[in-house]
Structures are given as structure tokens and as C-alpha cells.
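Comments concern the structure below.
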Amino acid sequence: MLYSKDFTVAICGGGLCGLTCAVAFARAGISVTVFEASTFSQEAGAGVGLGPNAIRALKGLGIFDAVLAQSDQRRPAPRLFSFVSGKNPHDCIFDYETNCEDPVALAIYRPAFLEAVLALLDPSIIMFRKRCTSLNVSENGKHVLHFADGTTHEADLVIGADGVRSVARRYVIGDVPRNPLVYTNTVAYRGLIPTQDLQEAGIQTDLTKRPICFLGLGKHIICFPIKGATVINIVVFMAEHDEPLQSELPYPWVKPVSQDELKDSCKDWGHDPMIILDHLTNPSKWSIHALDPPLQSYVRDKVVLVGDASHAMLPHLGAGVGQGFEDVFVLVQLLTHPQTQKSNLCDVLARYNDVRPPRANDVLQASTRTGRLYDSFRSSAQDKARLQKELSGIWEAVWNYDLDADVVSALEILRRSNVF
Ligand SMILES: Cc1cc2nc3c(=O)[nH]c(=O)nc-3n(C[C@H](O)[C@H](O)[C@H](O)COP(=O)(O)OP(=O)(O)OC[C@H]3O[C@@H](n4cnc5c(N)ncnc54)[C@H](O)[C@@H]3O)c2cc1C
């Protein structure tokens, strides 16, 4: 087969970002192989929300229409949060408004997203059950991926898209005194509830029109409608923000829990959250991990990180995978450029590294601050006024970002430094 570039690419991890990246490279005629640890049959059926910037990146990569077709929305639509007191009488604290020109979002099941993207790929370029255990450089200057089954694979460029527990990250950060992946003292209980069940039980807050966030002290509940508002997706967050961060917890991080454990921790909440918890049968508990401190560099040699491998963050702005798609968009623009070739790969990756860590790490830190904000409501009028002010604009920097300008400035530097 004739390829458009004189270098080969191996993608470690075939999740949301890895597969998106693979589609763009394969379409550009680049030799690419994806190594995925799982078979996707164990894929967690969680939903993921894509904001305006994530949608723009997917459109720029030419895969948005395929993703939309697999979602249960006909088109992306505004999803602006309403913040409500977790205690009776569930006063509205703040209805989010935005100045974003295209304030639309899409909620999709992870398996549906993966199915949409897999359908765009030649199956022969994806290797399943290939868990990468380490990376190194061979004598001929190529990178070698070592797999749990004892096999290896060589490539000129490795993209680490292997998620929060990334092996590629270990290569990129090298020997550091402390693993930056930490348990955030945050747990999320997730579940789905038929809307009709909540209505029949007498819930007063309308959960069918827009996402609702019940605010409290040390906890908050996110509710958003899916499947044409026939089902409500629930995530109950509880956090101990002032506890020192702990090192990575033993796996698994997602466990089934009893409903009683959950209800016990929320006894002080009002009427509507109690109805929600009563109906959250078989919840799963997620121990949320993130990078702290954020990585200053996403690149070492010809290994480059995208997605959670580079900036695993708390999910409070619903922005994690959007940052991953922004990574992929920038990387694809630079690597598929007609003048990119094997001999200048390090210079090109350095420009990716100029623009992505500052942007994604800003969003990571804003997500942490947002979690503290959501968990700080003491049910007083004074607090309501404070929160109205502090919640105003929290998504603007995430959604209104000019990614094209980053690509233009990276290309300009490559031209000025005579790389291109
Ligand atoms: C409770 C919760 C709610 C969230 N809500 C949102 C939201 O609404 N919006 C949003 O944008 N983000 C959200 N996120 C974050 C989002 O899920 C992640 O940012 C996103 O999945 C990252 O995509 P990724 O491709 O980097 O990693 P993943 O999707 O995790 O993919 C990594 C892939 O690599 C594979 N892999 C792992 N290790 C290896 C290895 N050693 N070798 C080979 N393959 C490997 C895995 O099997 C997996 O397929 C949420 C997260 C949580 C926990």
C-alpha cells in the first residue's frame, strides 16, 4: 500500500480519542495501527456530554455527522444548566446563560460513539486485546510498544490515547518522585431512572427540559434528560475537598454499591433528591482520579499524549473528552500538513506541546474549582447571591476557544523557523 507519509503511527488505546485520531490519520493516507487493551464488550455504558468546543473539533475532524447519527438526538441542542437548592423548597439559584455563538451540546452513550467511529475504520488496523505494558526506543530510533501477551510493535510515532491510567504517560513523564495520578477524594454514584417513575413519585423539579444541578454542602446531584427525556441520567457527586490528595487507589475504581449506603450519606437533603435516591436502584460508585499537578509536557521524543492520558480531570465542567478532541484536532492538523515528514516530527510535536498543555491544563484546573463551587451551598440568601455571581460564566472559556488560531500560530512558528 502506498502511504502519504514516510512515517508510521501506533496509537496506544482505542477509546474515544484514540479511534477519532485513527480515523483522521487513515483518511489522510498515513500508516496507522491502533492497539486496544479490551474487546469493547466490557465497555461501561455511561453517557458523555459534548459541549460546543467538542462539537466544533469533531466537525473539523469530519466525523461529527457519523457520531450524531448514532446518538438519540436529531441535532445538537442547547443544554444550559439550572442550579437548584438541594434542600426544600428547591429554589432556583441560577439559570446559566451564555454568550457562546453556537451553544449546542450532544449527549451520547460511549458505546454508541465508539460504534460510530469504528464503522469509519478499516478493521484490519485495530488490534484488540493488546494491552501495552511499556514503551522504549530501539537501536534504529523507532519506538517499541511491548504488550502483555509478550509481543511487540515498532512505529516512528506513538500516540498515547490510553486514558486515565496511561502507560504512555509513564514514558512521557519519566522517573518522577510522585505519580501525578491521584484519587481526588471525590466519588460519583451513577444511574438511570425512567422519567415517569420520578413523576409518579411526585418530584416537583422539572428534570425533562434542561440539565439540573442540585447544590449542597460537600455534595451535588447532576440530572439530565436522555432518550427524548424518557430517562433521566443521574450522577451524585460527594467530595471531601479539604482532605489531602491520596495516591492512586487499587483497581477497580467502579464498584456496585447498595442504595442504602447512598441514602445514608444524603439524609439531610430535601424532597426531590430523596425521590431521586429512592429510585436509584443498583447505583455504581466511581472513585474519580485526576492529574495533580497537571503535566507540563505532553510529549517526549516521538511519543505524544492525547485525552485523559495527558489531562485526566474532574468531570465538573463536562469537558474532559472535549479537551481530548481538541488535542486530536490540533495534532491531526500538524501531522497531516503536506510538509510534515519523519525528519521534522520532533519539531512538529514541539509545536503541539506549545499550545495544548496551557489550554487543557486551564480547563483541568477550572474543573477542580467548579467542583468546590458546586459543593459550597449553605442554603442561605447570602450564599445564593454569591453563587449567582460565581457560577456566571463558568463555561465561557471552555466553549469560546479559538482552536484554529492555535493551529495557525503553530504553523507560523514552523515556517519562521524554516522547518516548513
Ligand atoms: C463520572 C464521569 C463523568 C464524565 N462526564 C463527562 C462528560 O459529560 N463530558 C466529557 O467531556 N467528559 C466526561 N468525562 C470524562 C471522559 O469520560 C474522558 O475524558 C474520556 O473518556 C477520555 O477519553 P480517552 O480516549 O482519553 O480515554 P478513554 O475513553 O478512557 O479510552 C482509553 C482507551 O485506552 C484503552 N487502554 C487503557 N490502557 C491501555 C493499555 N495499557 N494498552 C492499550 N489500551 C489501553 C482503554 O481500554 C480505553 O479503550 C466523565 C468522566 C467521569 C468519570
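Computed from heavy atoms alone, side chains included, the values below leave out hydrogens, waters and symmetry copies. Counting starts at 1 for both ligands and their atoms, in listed order. What you see is a predicted model; the values in this text were computed from it and never measured.
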Region of Ala161 that comes within reach of ligand 1 [heavy atoms, distance under 4.0 Å]
backbone

Check this for me: does any side-chain nitrogen of one of Lys219 and Asp268 sit under 4.0 Å from a carboxylate oxygen of the other?
yes

Using the test side-chain hydrogen bond (donor to acceptor under 3.5 Å, both in side chains), find all partners of Arg372 that sit at least two apart in sequence or belong to another chain.
Asp242

Would you say the ring centers of Tyr374 and Phe237 fall short of 6.0 Å from each other?
no

May I ask whether Gln323 has any heavy atom positioned less than 4.0 angstrom from an atom of ligand 1?
no

Of the listed options (Ala188, Ala168, Gly160, Gly163), which comes nearest to atom 27 (O) of ligand 1 when hydrogens are ignored and any heavy atom counts?
Gly163

Show the atoms of ligand 1 that are less than 4.0 angstrom away from any heavy atom in Lys130.
42 (N), 43 (C)

Looking at Cys17, Gly324, Gly322, the heavy atom closest to atom 23 (O) of ligand 1 belongs to Cys17

For Val407, which residues count as a side chain to side chain contact (heavy atoms under 4.5 Å, CB included) partner, sequence neighbours excluded?
Phe329, Val330, Gln333, Leu411

Residues Asp301, His143; criterion side chain to side chain donor-acceptor pair (under 3.5 Å); working and verdict
CA-CA 9 Å; Asp301 304 327; His143 282 290; 4.8 Å; no

Aromatic ring centroids of Trp253 and Tyr251 under 6.0 Å?
yes

If you measure from CG on Asp95 to CG on Leu391, what distance do you get to the nearest 0.5 Å?
11.0 Å

Heavy-atom contacts with Pro315 under 4.0 Å: which atoms of ligand 1 show up? List them by number with element.
2 (C), 3 (C), 4 (C), 50 (C)

Report yes or no: does Glu36 have a heavy atom closer than 4.0 Å to ligand 1?
yes

Relative to the heavy atoms of Arg131, which atoms of ligand 1 are at a distance of less than 4.0 Å?
38 (N), 39 (C), 41 (N), 42 (N)

What about Gly307: any of its N or O atoms under 3.5 Å from an N or O on ligand 1?
no

For Gly318, counting its heavy atoms only, list the atoms of ligand 1 lying under 4.0 Å from any of them.
7 (C), 8 (O), 9 (N), 10 (C), 11 (O)

Should the proximity of Ala54 to ligand 1, defined as any heavy atom under 4.0 Å, be assigned to the side chain, the backbone, both, or neither?
neither

Does any N/O atom on Val167 come nearer than 3.5 Å to any N/O atom on ligand 1?
no

Under-4.0 Å heavy-atom contact with ligand 1, by part of Cys132 that carries it:
both

Will you find, in the side chains of Asp91 and Ser85, an N or O donor that is under 3.5 Å from an N or O acceptor?
no

Would you say Gly49 has any N or O atom under 3.5 Å from an N or O of ligand 1, going by distance alone?
yes

Which atoms of ligand 1 sit under 4.0 Å from any heavy atom of Ile288?
53 (C)

Determine whether the side chain, the backbone, both or neither of Asp308 has a heavy atom under 4.0 Å from any heavy atom of ligand 1.
both

Is a salt bridge present between Asp102 and Arg56, judged by a nitrogen-to-oxygen distance below 4.0 Å?
yes

Going by heavy atoms, is Val48 under 4.0 Å from ligand 1?
yes

Is the NZ or CZ atom of Lys342 positioned over Phe7's six-membered ring, under 6.0 angstrom from the centre and within 45° of the axis?
no

Please confirm whether Val235 comes within less than 3.5 Å of ligand 1 when only nitrogen or oxygen atoms on both sides are compared.
no

Determine the interplanar angle of the Phe83 and Trp395 rings, folded into 0 to 90°, and report it as parallel if under 30°, tilted if 30 to 60°, perpendicular if over 60°.
parallel

Report yes or no: is the cationic atom of Lys130 (NZ for Lys, CZ for Arg) under 6.0 Å from the centre of the six-membered ring of Phe35, at an angle within 45° of the ring normal?
no

Sub-4.0 Å heavy-atom contact, Arg190 with ligand 1:
yes

Does only the side chain of Val164 get under 4.0 Å from ligand 1, or the backbone, or both, or neither? Count heavy atoms.
neither

